[in-house]
Number of protein chains: 2
Amino acid sequence: METFTIKDIARELGISTSTVSRALRGSYEINPETKRLVMECAERLNYRPNPIALSLKGSASRAIGVILPQIANYFFSQAINGIEAIAYNRGYHVIIFQSQESYERELANVQQAMSRKVDGLLMSLSSETADVAHLQEVLDKNVPLVLFDRVSAELHVTKVVADNFGGAFAATEHLIQSGRKRIAHLTIQPWLSITQERLAGYRAALEKYGLEFDESLMRYGSFGPDEVGPMVDDLMRLPSPPDAFFTASDRLAVGCLQALRQRNLHIPEDVSLIGFTNLNVADLLAPPLSTVVQPAQEIGQLAAERLIDQIERKHRALPIETVKIPTELIVRSSTMTNSEMVKL
Amino acid sequence: METFTIKDIARELGISTSTVSRALRGSYEINPETKRLVMECAERLNYRPNPIALSLKGSASRAIGVILPQIANYFFSQAINGIEAIAYNRGYHVIIFQSQESYERELANVQQAMSRKVDGLLMSLSSETADVAHLQEVLDKNVPLVLFDRVSAELHVTKVVADNFGGAFAATEHLIQSGRKRIAHLTIQPWLSITQERLAGYRAALEKYGLEFDESLMRYGSFGPDEVGPMVDDLMRLPSPPDAFFTASDRLAVGCLQALRQRNLHIPEDVSLIGFTNLNVADLLAPPLSTVVQPAQEIGQLAAERLIDQIERKHRALPIETVKIPTELIVRSSTMTNSEMVKL
DNA sequence: ATAATTTGCGCAAACGATGTCGGGAACGTT
DNA sequence: AACGTTCCCGACATCGTTTGCGCAAATTAT
């Protein structure tokens, strides 16, 4: 089935394209009979308006752009699912871009999205992104923008994030309550909002229980698969080595687990391990991994909803706000105490 | 920075838009000096051609569409990475659509992609897709199409697939050689090419070792998270229950592992388990999972390369072929023999 | 010196749809 | 009968870009 245009309908019915156009949308000044004819003909020809032409004219493209660090990441792929679900049943299409954690690519992605005339933009910042001028430009062009997960404090926009402070606090508190005293914190780039919030939660829990914050137990970075091992070695060589690891991301949790196992460090006998992760196989790992779960799908859904609300009610500005979603601490074997282990 | 058009350059230089257009794409009939001026001006204004307008004109959009069942799947998200990598450094953008395993949505995705004037389409079929007329239409419109992983025999197009037969054969042979005789095969929808090929590999291995193919050990379907358990129960109640499970997908492998553990069936003492999976934590599971690995990223890369080759050399048709990529059998604890277990 | 060719560039149409403007027909009003 | 309204609808410009055609000036050939 070929693709018909408004012209085909016009020719078929012997009327002008303008009439067809108006009949098809704003019904205001068109003879009902004519309208019926047009509708019927459009139906018959299976007419679909050309989104490209619509975009050129500057009207809504009914597409939203999603720019995030990478898809091959449990958290983000689940978030995309949430976004897609909402977008789909509100009649929007989703165009996904990966920044691959590169500022340069993020920039290119934003430009692409803008020139493809998306109606709005949903973003989670790349880890390289320190400057957000490119996003300010988006706002200046009056294109709705919603940030999720990796957000920037410098932008006055709606944000949807997990309760990172609360999650980190709960995880750290749990470790402390299970008898750990030297808790290493492996985390990502220090300038990211989520990093700072999680660090704050970690420190707050330490403080609550009168434990000193020890800088030497912290490690920041974007760890590749082979970098976690050396870091663990480094930490374990400390005069007073850690008895627990709290990691701030999916990849770190898995990398850390792997590194600890390779080094014959037993979990949780030698060290505890807990991570922020959305890994759906966390309970099938050896040992089952305690985690702080962020509801990724829900975050995606909420972000998409806010964005589309903004798109559709562009006139009266919707309130800017930061939506914080609770995280959930799930305790599994990787953070058991030795006495708990014995009972098994 | 606002967005400038070819007109702005024309006005700036006091020449016509045609000249600017031709200068920009290096047409022969333009004064080198003028060309230089235009180039310089475009550079200065940070001119970017409007992809929408280009698409409207029918020329290349330098975007390729990717339609696949779902992103939140280890195999597909890795494949996307491969696709993106190639596309990016050949100057193409990738627009991703998820069919969510629904034929209807796949159809809508194809239409969307076409109306967004992608230069080519990369697809892996939804599990509901039995009829491929919508793809034949794509071909009829002369839009390059490359299928990967889930392909259809009815379409005469380039396909990139893993060696499903070989992988299934190797997995089954390995199970047999480790002493298993009643090998259950849990697989996906029967009409998919990959299902058939894997089944064929499984049967071939059985035959080679003189084992009878037993229909009652087979299970087809799209198993939700809670459906694998009952199926396992069902199988284990057989008069002669399976002593090994060979699963055909990521999700099935994990679901099966979970179900077996919940039922206190020990792996590999009670039953062996091996799966087709791209799970990158397979060796961290309990027990470490033997798998047939399909090089997902490589599949994505090859598919993207073939597609872009086709796009760029549209005139002389490139040969249609099916690229088969070897799979790799990785043996871990989940398929050990009891004697091997003892040695540990 | 004149004719023929080449060179460099502009005009206008086209892609598909929308929207502004204005005009013809049919009606009602004095 | 002349005018004002209303109702429908078409011509045309527009979005940003490419492209066929044509035209003037510059160059070459005769």
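In what follows, chains are A, B, ... by sequence order, proteins preceding strands, each numbered from 1.
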Rounding to a whole Å, what distance do you find between A/I15:CD1 and D/dA11:P?
-> 12 Å
C/dT18 phosphate, OP1 or OP2: any side-chain N/O from A/S21 under 4.0 angstrom?
-> yes
So does B/T19 get a side-chain nitrogen or oxygen closer than 4.0 Å to the phosphate oxygens (OP1/OP2) of C/dG8?
-> no
Sub-3.5 Å donor-acceptor pair from the side chain of A/S115 to the main-chain atoms of B/P51, do we have one?
-> no
Would one find a side-chain N or O of A/K7 under 4.0 angstrom from OP1 or OP2 of C/dC15?
-> yes
Among C/dC9, D/dG16, C/dA17, the nucleotide that comes nearest once only the side chain of A/P49 is considered | C/dA17
From C/dC9, D/dC8, D/dT18, pick the nucleotide closest to the side chain of B/N31?
-> C/dC9
The nucleotide from C/dG16, C/dT18, C/dC15 with an atom nearest the side chain of B/K57 is C/dC15
Give a yes/no on whether any side-chain N or O of B/K35 is located under 4.0 angstrom from OP1 or OP2 of C/dG8.
-> no
State whether a side-chain donor-acceptor pair under 3.5 Å links B/Y88 with A/Q98.
-> no
Any ion pair linking B/R105 and B/E128 (charged N to carboxylate O, less than 4.0 Å)?
-> no
Per B/S18 side chain, nearest of listed nucleotides C/dT18, D/dT19, C/dG8 = D/dT19
May I ask you to evaluate whether B/T5 reaches the phosphate of D/dG16, defined as a side-chain N or O under 4.0 Å from OP1 or OP2?
-> no
Is any side-chain N or O of A/R22 under 3.5 Å from a base N or O of D/dG10, one able to act as donor and the other as acceptor?
-> yes
B/S16 side chain near C/dC11 phosphate (N/O to OP1/OP2, under 4.0 Å) = no
Which part of the nucleic acid, if any, lies within contact of B/T34, taking any heavy atom under 4.0 Å across all strands shown: a base, the sugar-phosphate backbone alone, or nothing?
-> sugar-phosphate
If you measure from CD on A/Q100 to CD on B/E84, what distance do you get to the nearest 0.5 Å?
-> 5.5 Å
